[in-house]
Every structure is written in C-alpha cells, then in structure tokens.
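Heads up, the thing below is written out as structure tokens.
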Amino acid sequence: MLELIDTYWLYFLVGQYPEGPLGGLALTVLLSGAALVLALPLGLLLGIARVSPYRAISLPVAALVQVVRAVPLLLVLFWVYFFLPALTGVKTSQASTMLIVLVVFDSIYLAEIVAAGIRALPKGQLESARSLGLGYGAALRHVVLPQTLRHGLPSIVNQLVSTIKATSLGYIIGLSEVSFIATQINTLVFTQAVEVYLILALTYFILCFGLSRLAFLLERRLQRRSAQAS
C-alpha cells in the first residue's frame, strides 16, 4: 500500500492538474465546500420562507422541499447533465453540473434544518424581540437566526459530510473526483484493487471524521461562550 501511495499520491490528490483539469481529492473538497457556501444563504432564505406566516410564501417552498426530498440525487444529476442540455441547448461541464445539483439538494436540506430550528425556539423569543420595536426581519436576523444556527450546527456539519460523500456520484458522468481517480489508478495497477479502495475509504473517513470532530469542538466552544455570557 505504501508503494501505491508513493507512486500515485499526486495523481490521487489533484488528478491531471496542471496538465489537465483539477481532479482527485482537491476537486472533491472544493466542490463540497463551494456547494455548502452557495447553499447556505439559499437554505436560510428557504428555511425562513418555510415557516412564514403567509401561506402564499410557505406553501410553494413546502412543495419544492417535498419534491426534491422525494427524488434521488442521482436522478437529478442525470436530468441536469443529459436532459437539460437537450431542452435548452446549453451544455454544462461535469463539475458545473455536480455543483448545481449539490447546491439544490444542500439548500433544500439546510432549509429544513433552519425551519426546524426556528420552530424549536420558544415563540416568546420572536414576540419579545418584536415588542422591543424590532421589525420581523430584524428580529429574525438578530435574535432567532443566531440561536437557530448555533443549535443547528451539528446538523449543518452532517449535511456537509453527506455532501462530501455525494460528490462520488460524479463518477457516473465522468467527473474526475477522488472516487473516479481511484478507479483510474485501479485500472493501472489492476491487481491491487483492495489496497486502492482501502486508501479511498480511509480518505473519506479522515475527511468526514475530521469534520465531525471539528464541529464537536466548535459546538463545545459556543456552549462555553453561552454559559459565560449568561
């Protein structure tokens, strides 16, 4: 296994870059991070709309959430990559397609996390803020959302972990993320499939476990600050 890592570590990390497109582990991390950064504000807006007292706003968002949650990510990936260009005439790259699909799914799941966090707060929080003269938007921004995001941090990190694992579906459309690169290496060495896929599994484990530990430490720190403030 060490000989395998020594020979192919750079290809595993960045793919064919700089002679070709960026790939490997770097592309997986970049796609996951970009998806979460783009999906977070969209998820916040959708989550707030989900709990809106106005049914004209909350009902369409609820319908969108139910539709996206009921459709497999792989199917949406096929639609965006194969059917959408046929309808619009606009062809997107594998990386752009994967990013679009991840942002759509992440924003929907983050919206549910935000909506659940807002519903979990006592109604008195919002009413107290409004009684102090804050508008609905200001009360959400200064009182409700900070608490919601703090309490929802473990779920948000879980979503990022799921996003990292979901990037492996890019393999289906030829995206040169880390799973695709591992398969390419396996075709080169051919007789070391166990070692190749063990390295791949360890890579995913290190990424996901590291994120979980980071979130745990961050959550502990936020709890200490809240305790000190109170």
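FYI, side chains are in, hydrogens and waters are out, and symmetry mates aren't considered; it's all heavy atoms of this structure.
- For the pair T183 (side chain) and S179 (backbone), a donor-acceptor distance under 3.5 Å is present.
- Follow the hydrophobic side-chain contacts under 4.5 Å out from F180 and you reach L74 in the same cluster.
- Atom CG of residue L77 and atom OH of residue Y171 lie 14.0 Å apart, to the nearest 0.5 angstrom.
- Tracing side-chain contacts under 4.5 Å through hydrophobic residues (I, L, V, M, F, W, Y), one reaches W79 starting from V103; they form part of the same cluster.
- No side-chain donor-acceptor contact under 3.5 Å links S96 to the backbone of T92.
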Test side chain to side chain contact (heavy atoms under 4.5 Å, CB included) on R50 and R119; report intermediate values, then the result. CA-CA 10 Å; R50 186 88 163 86; R119 291 192 190 106; 3.8 Å; yes
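- Taking each heavy atom of L31 and L102 in turn, the nearest pair found is O-CD1, 4.4 Å.
- With I156 as the partner, the side chain to side chain contact (heavy atoms under 4.5 Å, CB included) test is satisfied by one option alone out of L110, D106, V114: L110.
- Between S168 and E177, the shortest heavy-atom contact is CA-OE1, 3.6 Å.
- Hydrophobic clustering (ILVMFWY, side-chain heavy atoms < 4.5 Å, transitive): Y54 and I118 are in distinct clusters.
- Taking both residues in full, the closest heavy atoms of S212 and V161 are given as OG-CG2, 4.3 Å, listed atom of the first, atom of the second, then distance.
- Of all heavy-atom pairs spanning T203 and I199, the tightest one is OG1-O, 2.7 Å.
- Residues V104 and I164 are members of separate hydrophobic clusters, defined by side-chain heavy-atom contacts under 4.5 angstrom among Ile, Leu, Val, Met, Phe, Trp and Tyr.
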Tell me, with the steps shown, if K91 and Y81 meet side chain to side chain contact (heavy atoms under 4.5 Å, CB included). CA-CA 8 Å; K91 178 76 174 177; Y81 191 66; 3.7 Å; yes
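- Between Y8 and F12, the ring center distance fails the sub-6.0 Å criterion.
- The minimum heavy-atom distance between A115 and G47, with the atom names listed, is CB-O, 3.9 Å.
- Taken to the nearest 0.5 Å, the CZ atom of F82 stands 9.0 Å off from the OG1 atom of T97.
- Separation of atoms CG (L25) and CG (L200) is listed at 9.5 Å; rounding is to 0.5 Å.
- Nearest heavy-atom pair, L46 versus A111, reported as atom, atom and distance to 0.1 Å: CB-CB, 3.5 Å.
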Verdict with supporting geometry, L211 and L207, side chain to side chain contact (heavy atoms under 4.5 Å, CB included): CA-CA 6 Å; L211 273 172; L207 271 179; 5.7 Å; no
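- When the options I172, L27, I173 are evaluated for a side chain to side chain contact (heavy atoms under 4.5 Å, CB included) with Q94, the one that passes is I173.
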Could you walk me through whether T167 and S32 pass side chain to side chain donor-acceptor pair (under 3.5 Å), step by step? CA-CA 7 Å; T167 57; S32 307; 4.5 Å; no
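- L42 has its side chain out of reach of L38: every pair of non-hydrogen atoms, C-beta onward, lies at least 4.5 Å apart.
- Note that the CD atom of Q16 and the CG atom of L10 stand 11.5 Å from one another [nearest 0.5 Å].
- Rounded to the nearest 0.5 angstrom, S176 OG and L22 CG are separated by 7.5 Å.
- Other residues, nucleotides and ligands contribute only 12 or fewer heavy atoms inside 6.0 Å of the OH atom of Y17.
- Using a 4.5 Å cut-off between side-chain heavy atoms of Ile, Leu, Val, Met, Phe, Trp and Tyr, with links allowed through other members, L169 and Y204 fall into different hydrophobic clusters.
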Verdict with reasoning, N186 to Q192, per side chain to side chain contact (heavy atoms under 4.5 Å, CB included): CA-CA 7 Å; N186 183 47; Q192 294 178 276; 5.9 Å; no
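- Q147 contributes a side-chain N or O that, together with a main-chain N or O of V143, makes up a donor-acceptor pair within less than 3.5 Å.
- Y109 OH to R69 CZ: the interatomic distance, rounded to the nearest 0.5 Å, is 6.0 Å.
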